[in-house]
Amino acid sequence: MAGITKEQLVELLNKDLALEYTAIVQYTQHQGVLKGAMYQSMQKELIIHAQEELQHATILAGQIDYLGGTPAIDVPPAKRSSDSVTMLEQDLEGENDAIARYIARVKQAEELNLYHLAQQLRTILAMEQEHAMDLEQALGK
Ligand SMILES: [Fe+2]
Ligand SMILES: [Fe+2]
């Protein structure tokens, strides 16, 4: 997106924030219903992911407020399934979507010379890539 304004960036960050809330809800629900001995270590991973998504939401809310916006409180619907593999695939889908969004967001922040924000977004992006790696590993991808 060429020539992004600060207001447009705040709007996009608010969509990212809302999807972090969704990730918290989804990981919390999935870790509660994930079945099977082979998923025991993955269940612990999902709990860690949920906690890290909360950290991301907290960072984004602070940055949005700093940029003059009002942090969102809406929570887009999470995905659920009764099948463990499907659940992990839904989680991976969410991570891949987050990775694509944050790659764009880092560039947009830098375009506006918001280097502190860009740095924070890079940290979040690296964590989402780690989450995706965990899920890919569990899915044998
Ligand atoms: Fe996140
Ligand atoms: Fe994540």
Side-chain angles (χ1 to χ4, degrees), residues 1-2 4-141:
M1 202 184 293
I4 191 169
T5 65
K6 199 172 88 170
E7 289 69 29
Q8 286 170 328
L9 179 60
V10 166
E11 210 172 298
L12 290 168
L13 289 170
N14 248 334
K15 288 193 180 133
D16 298 327
L17 173 58
L19 289 168
E20 291 291 349
Y21 297 148
T22 299
I24 296 164
V25 170
Q26 188 166 312
Y27 275 128
T28 303
Q29 202 265 356
H30 286 187
Q31 69 78 29
V33 295
L34 200 64
K35 297 279 188 312
M38 62 183 292
Y39 291 118
Q40 237 170 40
S41 68
M42 207 49 213
Q43 189 223 6
K44 289 189 188 112
E45 271 315 313
L46 297 193
I47 294 170
I48 294 167
H49 286 195
Q51 290 165 347
E52 289 176 341
E53 308 303 6
L54 175 59
Q55 287 175 29
H56 301 167
T58 306
I59 291 167
L60 291 175
Q63 290 288 326
I64 289 163
D65 175 73
Y66 170 72
L67 292 169
T70 305
I73 50 165
D74 54 305
V75 187
K79 291 183 180 138
R80 65 181 171 188
S81 171
S82 53
D83 175 66
S84 294
V85 174
T86 305
M87 267 187 264
L88 296 179
E89 269 164 0
Q90 289 169 338
D91 295 339
L92 180 57
E93 219 172 280
E95 294 296 344
N96 285 332
D97 174 62
I99 289 165
R101 280 184 287 104
Y102 289 126
I103 287 172
R105 221 64 78 234
V106 167
K107 289 182 189 150
Q108 290 159 339
E110 285 182 346
E111 199 184 310
L112 289 166
N113 295 330
L114 296 167
Y115 296 109
H116 177 59
L117 173 63
Q119 194 55 47
Q120 303 262 46
L121 290 167
R122 269 207 180 79
T123 303
I124 295 174
L125 172 57
M127 288 168 91
E128 309 299 17
Q129 286 179 333
E130 211 182 299
H131 293 171
M133 276 172 59
D134 292 340
L135 292 161
E136 279 167 5
Q137 218 166 16
L139 287 163
K141 289 192 178 184

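In listed order, ligands and their atoms are each counted from 1. Index from 1, following the sequence. Values in this document were obtained by computation on a predicted structure and should not be read as measured data.
For Glu20, the nearest N, O or S atom to the Fe ion (ligand 1) falls under 2.8 Å.
Formation of a donor-acceptor pair under 3.5 Å by the Tyr21 side chain with backbone atoms of Asp16 is not found in this model.
Around the Fe ion (ligand 1), the angle linking Glu53 (OE1) with Glu128 (OE2) is 120°, rounded to 10 degrees. Note: angle at the Fe ion (ligand 2), from OE1 of Glu95 to ND1 of His131, is 110° (rounded to 10 degrees).
Considering only heavy atoms from C-beta on, Leu88 stays 4.5 Å or farther from Val85 through its side chain.
Nearest N, O or S atom of His56 to the Fe ion (ligand 1): atom ND1.
Ring orientation note: the planes of Tyr27 and His49 are nearly perpendicular, at an angle over 60° on the 30°/60° scale.
Residue Glu11 places its CD atom among 12 or fewer non-hydrogen atoms of other residues, nucleotides or ligands, all under 6.0 Å distant.
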